[in-house]
Amino acid sequence: MSEVQLHGFGWRHAGRRAWAVRDLDLHVRHGERVLLLGPSGAGKSTLLAALAGLLPSDSGQSEGSIEIDGLDPAKARDKVGIVFQDPQTQLVMARSGDDVAFGCENRGVPAAEIWPRVSDVLDRVGFRYPINRSTAALSGGEAQRLALAGVLALRPGLLLLDEPTANLDPPGAALIRESLTAATSPETTMIVVEHRVAEALPLVDRVVVLEPGGGVRADGAPEVIFAAYGDKLASDGVWVPGFSFPPLKATSQSTSDLVRADQASVRNRLRPVSIAARAGEVLAVTGPNGAGKSTLALLLGGLLAPTSGRIEAFGDKRPPHRWRAATLTQRIGSVFQNPEHQFVTGRVADELALGPRRVGRSPAEVREIVDELLQRLRLEKLAEANPYTLSGGEARRLSVATALATAPRLLVLDEPTFGQDRRTWQELVGLLGELRDAGHGVVAVTHDEVFVRTLADRTVPLGEPDPEPLPRRVRP
């Protein structure tokens, strides 16, 4: 178990004017389970990175103090385990079992204990593959399970979780929450960032709400915090339990097919599927992790060729993956599951301007497009920031904005609401609804049940993943 103490702590990323977090005083006692809340961009992920000792002095400016059991976080790393918002960033080995064992080997766990630990935690998190499964072949949700297993195998005194269920289907998310209860001891101190507030509450005994710009807004037992601050927190963007959204129904009928998959498949990634996305419609693609949803999004977006079957779009005789880049950009915009995979510049404003410039918009038109998107998606203050320093929620909004910048007829989004607070979620969903009502087509791969209930005109569930051999829980 570990104790956390912060006095006036602050951090500002290099090249940024605003502080990610500032004037933070916080004491987390041994064995406490804390849910860390706050609007998108309030500094939650930055705080977890600071506690894990992952903010080197040359990457920004710090103030105040932060200690883990009286030690600087950089000297207390053996006590801490962290699961990042993007699990792909912490997978380091080619095979899944080796990835879980890697941390134990680095920490000097006796060799005889390592593989029994690996087997145990993989079972607990519901990882259904053999230990020789390639990490490169995992879906986002499967990677999330594996990353969590790697941290739980270390049996840390302080467990830091940044959106641990964000990329998981609802049954998988429930299993992870059960795993956290079963695989951690009562002495484990835990700090979790989670937008699925209602589901996370059984895991915690305390709620801390960060104030954007600095300090703690509220701190106490969950029932006390939500009773006293619920309305205010909801209006500021926190996902307070009990607040819902009315459905946003389409204002007109969907029209022609924009893209159609006819028995399209990708070997070892997606079984044959037939599906059509229409103008004036929001189509939600749902299903369990590993069913091939992200692969289908790449096919529909013209970014991947099918192994069998065919993809037809916009009446073009050529499949979308054979179109010129400029043609594809104007017709279909894609948003990846991991936003950073599509960033190519060093400034947010430049990222938004890139697409319109490539399709021949005038400088005045480019400025107008950039300014409007910055305002609509609450990115104005980040125009000069490096996209790679954004929070997960901010990066997701930027990735959506870059796809919108060329006004494509079809927008294909993979987990579009990931990492959003209540306010930015509502604005993003409203913007997608406006696009639909203006005659654009929207395809959203999502585990967000509220998104589906609120916006989807039609839902297509993909089936179970391809069957795999029974897991081999022995060292290969």
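All values reported here derive from a predicted model rather than from experimental measurement.
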When rounded to the nearest 0.5 angstrom, what is the spacing between CG in Leu428 and CG in Leu377? 6.5 Å
Side chains of Val429 and Gln426, heavy atoms from C-beta outward: is any pair under 4.5 Å? no
Do any N or O atoms from the side chain of Asp99 and from the backbone of Val92 form a donor-acceptor pair under 3.5 angstrom? yes
Counting only heavy atoms not in Tyr229 (residues, nucleotides, ligands), do more than 12 fall under 6.0 Å from its OH? no
Between CD on residue Gln420 and CD on residue Glu394, distance to nearest 0.5 Å: 9.0 Å
Flag, side chain of Lys44 to backbone of Pro39, donor-acceptor distance under 3.5 Å: yes
Side chain Arg396, main chain Glu415, donor-acceptor under 3.5 Å: yes
Looking only at non-hydrogen atoms, find the nearest pair between Glu351 and Val344 and report the distance. OE2-N, 3.0 Å
Separation between CH2 (Trp239) and NE2 (His195), nearest 0.5 Å, reads 9.0 Å
Can you find a heavy atom in the side chain of Arg397 that is under 4.5 Å from one in the side chain of Leu379? yes
Is it true that a side-chain atom of Asp69 and a backbone atom of Glu3 form a donor plus acceptor pair closer than 3.5 Å? yes
Can you spot which of Asp448, Thr424, Thr446 makes a side chain to side chain donor-acceptor pair (under 3.5 Å) with Thr417? Asp448
When you measure from the side chain of Glu187 to the backbone of Gly157, do you find a donor-acceptor pair of N or O atoms at a distance under 3.5 Å? no
Is any side-chain heavy atom of Leu203 closer than 4.5 Å to a side-chain heavy atom of Val192? no
Non-hydrogen side-chain atoms of Val109 and Arg155 separated by less than 4.5 Å: no
Between Ser45 and Asp162, a side-chain donor and acceptor under 3.5 Å: yes
Quick one: does Arg358's side chain get under 4.5 Å of Thr406's, heavy atoms only? no
Check whether Glu113 reaches the backbone of Pro110 with its side chain - one donor and one acceptor, N or O, closer than 3.5 Å. no
Can you tell me how far the CD1 atom of Ile176 sits from the OG1 atom of Thr181, to the nearest 0.5 Å? 11.0 Å
Could you check if a side-chain atom of Leu37 sits within less than 4.5 angstrom of a side-chain atom of Arg217, using non-hydrogen atoms only? no
Evaluate the side chain to side chain donor-acceptor pair (under 3.5 Å) criterion for residues Arg16 and Thr389: first the C-alpha distance (whole Å), next the side-chain angles of each, then the deciding distance (0.1 Å), finally the verdict. CA-CA 9 Å; Arg16 298 278 287 272; Thr389 67; 2.6 Å; yes
Heavy-atom pair of closest approach, residues Leu48 and Leu161: CD1-O, 3.7 Å
Would you call Arg177 and Glu199 a salt bridge, taking side-chain N to carboxylate O under 4.0 Å as the test? no
side-chain contact (heavy atoms from CB on, under 4.5 Å) between Leu462 and Val285: does it pass, once the steps are laid out? CA-CA 7 Å; Leu462 294 192; Val285 178; 4.0 Å; yes
Does the side chain of Val348 come within less than 4.5 Å of Leu398's, by heavy atoms? yes
Value rounded to 0.5 Å, distance of CZ in Arg145 from OG in Ser139: 8.0 Å
Give me the one residue out of Asp414, Leu413, Thr402, Leu404 that meets side-chain contact (heavy atoms from CB on, under 4.5 Å) with Val335. Leu413
Worked verdict on Arg367 versus Asp371 for salt bridge (Lys or Arg N to Asp or Glu O under 4.0 Å): CA-CA 6 Å; Arg367 284 194 300 272; Asp371 290 344; over 6 Å; no
Minimum-distance pair of heavy atoms, taken over all atoms of Ala149 and Leu122: CB-CD2, 4.0 Å
Go through Asp350 and Leu354 one step at a time and tell me if the side-chain contact (heavy atoms from CB on, under 4.5 Å) criterion holds. CA-CA 6 Å; Asp350 292 340; Leu354 187 63; over 6 Å; no
Take Leu158 and Val28 through the test side-chain contact (heavy atoms from CB on, under 4.5 Å) and record every step on the way to the result. CA-CA 10 Å; Leu158 174 61; Val28 180; 6.0 Å; no
For Asn289, does its backbone N or O pair with a side-chain atom of Asp169 as donor and acceptor, under 3.5 Å? yes
Without swapping roles, check the side chain of Arg422 against the backbone of Ser235 for a donor-acceptor pair under 3.5 Å. no
Heavy-atom pair of closest approach, residues Arg133 and Ala137: NH2-O, 3.7 Å
Can you confirm whether Val4 sits close enough to Ile68 that some side-chain heavy atom of one is under 4.5 Å from a side-chain heavy atom of the other? yes
Are any side-chain N or O atoms of Ser59 and backbone N or O atoms of Leu55, one a donor and one an acceptor, separated by less than 3.5 Å? no
side-chain contact (heavy atoms from CB on, under 4.5 Å) evaluation trace for Thr135 with Ser96: CA-CA 5 Å; Thr135 54; Ser96 296; 4.0 Å; yes
Mark yes or no for whether Arg206, through its side chain, and Asp219, through its backbone, hold a donor-acceptor pair below 3.5 Å. no
Nearest heavy-atom approach of Thr295 to Arg269 is OG1-NE, 3.4 Å
Output for pair (Ser334 OG, Leu300 CG), nearest 0.5 Å, gives 8.5 Å
Under-4.0 Å salt bridge between Lys232 and Asp236: yes
Where Gln90 and Phe84 come nearest, the two heavy atoms and their spacing: OE1-N, 2.7 Å
Please say whether more than 12 non-hydrogen atoms of neighbouring residues, nucleotides or ligands are located less than 6.0 Å from CD in Glu63. yes
